[in-house]
Amino acid sequence: TALKKQGQMTANELAELLTMTPMGVRRHLNLLERDGLVRYETVQRGMGRPSNAYRLSEQAQDLFPKTYSQLTNELLSYIEMLDGAEHVEAIFQRRAQRRIQQAQLRLQSKPTLAARVAELAAILDEDGYLTEWAQVDAQTFVLREFNCAVHNVARRFQQACGSEIEFIQTVLPEATVERQHHILRGETFCGYRIRARDGGNGA
């Protein structure tokens, strides 16, 4: 929080602000640097030796509260009010197409449905869905999303959920996809059953 407010500070400056020893502050900074949350540059301040001045990394910005979902809902509400629900639907369709194109590039080199489900789970996990997958039998898989990256938007605009299952179905054309669990129904995860179509290669 101190770095967020001040922008850039040395260990000594942080120690004075936090009433800690410089050694204790440096231990914290080393851990934050290891986790990719801070970076530093050497600066000359005054006549003494140069010091390392620390600032937050881009990754650390995600630790602070954001109101993106509220803003998104507000803007989509204006679009719905001014242009109609079909324009909101078109926006979600455009988002789905962009995600589909990017996912297809990554999945095209995967030779089996199992490999494609595994790669799809990795894509969803990178998008913030906290995703796991498992193989049930030779042709059946389950995909579980324990976090809804668009939860607050999906509560207001159901198109977000519709585009999600459409996304999974489109990038896995050799399988049928059924949603069996749903966070918006009060369950702890969204769960999908993925089964190879007749004659498909699951393993």
Side-chain angles (χ1 to χ4, degrees), residues 1-81 88 91-92 94-99 101-103 105-106 119-133 143-161 163-164 167 182-184 186-190:
T1 301
L3 291 176
K4 179 70 170 174
K5 290 180 177 179
Q6 300 297 325
Q8 188 181 67
M9 300 182 73
T10 66
N12 286 338
E13 289 168 342
L14 281 164
E16 183 177 353
L17 177 67
L18 302 174
T19 62
M20 295 176 59
T21 65
M23 184 177 297
V25 167
R26 288 190 181 91
R27 281 199 295 269
H28 284 290
L29 289 169
N30 287 337
L31 292 174
L32 292 171
E33 184 184 4
R34 181 202 65 188
D35 294 338
L37 299 175
V38 301
R39 55 187 177 84
Y40 68 87
E41 59 183 2
T42 302
V43 297
Q44 182 68 52
R45 295 186 178 177
M47 300 299 294
R49 296 173 54 190
S51 302
N52 291 334
Y54 293 83
R55 65 171 60 246
L56 296 179
S57 69
E58 286 299 318
Q59 180 180 335
Q61 304 301 328
D62 293 335
L63 299 176
F64 295 88
K66 303 292 191 296
T67 60
Y68 297 149
S69 60
Q70 293 94 320
L71 175 61
T72 300
N73 278 340
E74 182 178 356
L75 294 176
L76 289 173
S77 295
Y78 293 149
I79 293 171
E80 184 178 53
M81 179 177 62
V88 175
I91 289 172
F92 281 103
R94 180 65 64 87
R95 174 179 182 266
Q97 288 304 313
R98 189 264 304 167
R99 295 179 71 210
Q101 291 171 3
Q102 293 179 342
L105 289 174
R106 289 178 56 171
E119 184 66 14
L120 176 59
I123 292 170
L124 290 167
D125 200 58
E126 292 165 12
D127 287 344
Y129 286 88
L130 195 62
T131 308
E132 294 179 356
W133 74 282
L143 191 69
R144 300 185 181 97
E145 299 171 337
F146 291 91
N147 179 60
C148 179
V150 293
H151 182 263
N152 289 334
V153 176
R155 290 175 62 186
R156 170 65 178 82
F157 295 95
Q158 295 296 313
Q159 297 95 325
C161 286
S163 67
E164 190 65 21
F167 164 68
H182 202 180
I183 289 175
L184 288 185
E187 298 181 81
T188 57
F189 64 92
C190 286

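All values reported here derive from a predicted model rather than from experimental measurement.
More than 12 heavy atoms of other residues, nucleotides or ligands sit less than 6.0 Å from atom CD of Glu126. Open room surrounds CE on Met23; 12 or fewer heavy atoms of other groups in view lie less than 6.0 Å from it. Enclosure of atom CD in Glu16 is not indicated, since only 12 or fewer non-hydrogen atoms of other residues, nucleotides or ligands lie within 6.0 angstrom. Atom CZ of Arg106 has more than 12 heavy atoms from other residues, nucleotides or ligands within 6.0 Å. Within 6.0 Å of atom CZ in Phe189, more than 12 heavy atoms from other residues, nucleotides or ligands are found, so the atom counts as buried in its surroundings. Atom CZ of Arg49 sits in a sparse spot, with 12 or fewer heavy atoms from other residues, nucleotides or ligands closer than 6.0 Å.
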TODO: Give the intermediate values and the outcome of side-chain contact (heavy atoms from CB on, under 4.5 Å) for residues Glu13 and Gln6.
DONE: CA-CA 10 Å; Glu13 289 168 342; Gln6 300 297 325; over 6 Å; no
TODO: Go through the steps to decide whether Arg26 and Asn12 satisfy the test side-chain contact (heavy atoms from CB on, under 4.5 Å), and finish with yes or no.
DONE: CA-CA 9 Å; Arg26 288 190 181 91; Asn12 286 338; 3.7 Å; yes
Task: Worked verdict on Leu120 versus Thr131 for side-chain contact (heavy atoms from CB on, under 4.5 Å) - done: CA-CA 9 Å; Leu120 176 59; Thr131 308; over 6 Å; no
Task: Evaluation steps, side-chain contact (heavy atoms from CB on, under 4.5 Å), between Gln59 and Leu37 - done: CA-CA 6 Å; Gln59 180 180 335; Leu37 299 175; 4.0 Å; yes
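For the atom pair CZ of Phe146 and CD of Glu132, the computed distance is 4.5 Å after rounding to the nearest 0.5 Å. Note that CG of Leu31 and CZ of Arg34 are 5.0 Å apart. Values are rounded to the nearest 0.5 Å. The distance from atom CD1 of Ile123 to atom CG of Leu105, rounded to the nearest 0.5 Å, is 9.5 Å. To the nearest 0.5 Å, atom CZ of residue Phe167 and atom CZ of residue Arg95 are 9.0 Å apart. Here the OH-CG distance, from Tyr40 to Leu32, works out to 14.0 Å after rounding to the nearest 0.5 Å.
In this structure, Glu164 pairs ionically with Arg99, as a charged nitrogen and a carboxylate oxygen lie closer than 4.0 Å.
Proximity of a side-chain donor or acceptor of Asn52 to a complementary backbone N or O of Ala11 within less than 3.5 Å is not detected. In terms of modelled atom types and a separation under 3.5 Å, the side chain of Ser57 and the main chain of Gly36 share a donor-acceptor contact.
Nearest heavy-atom pair, Leu124 versus Leu143, reported as atom, atom and distance to 0.1 Å: CD1-CD2, 3.6 Å. Of all non-hydrogen atoms in Gly7 and Arg55, the two that sit nearest each other are O-CB, 3.2 Å.
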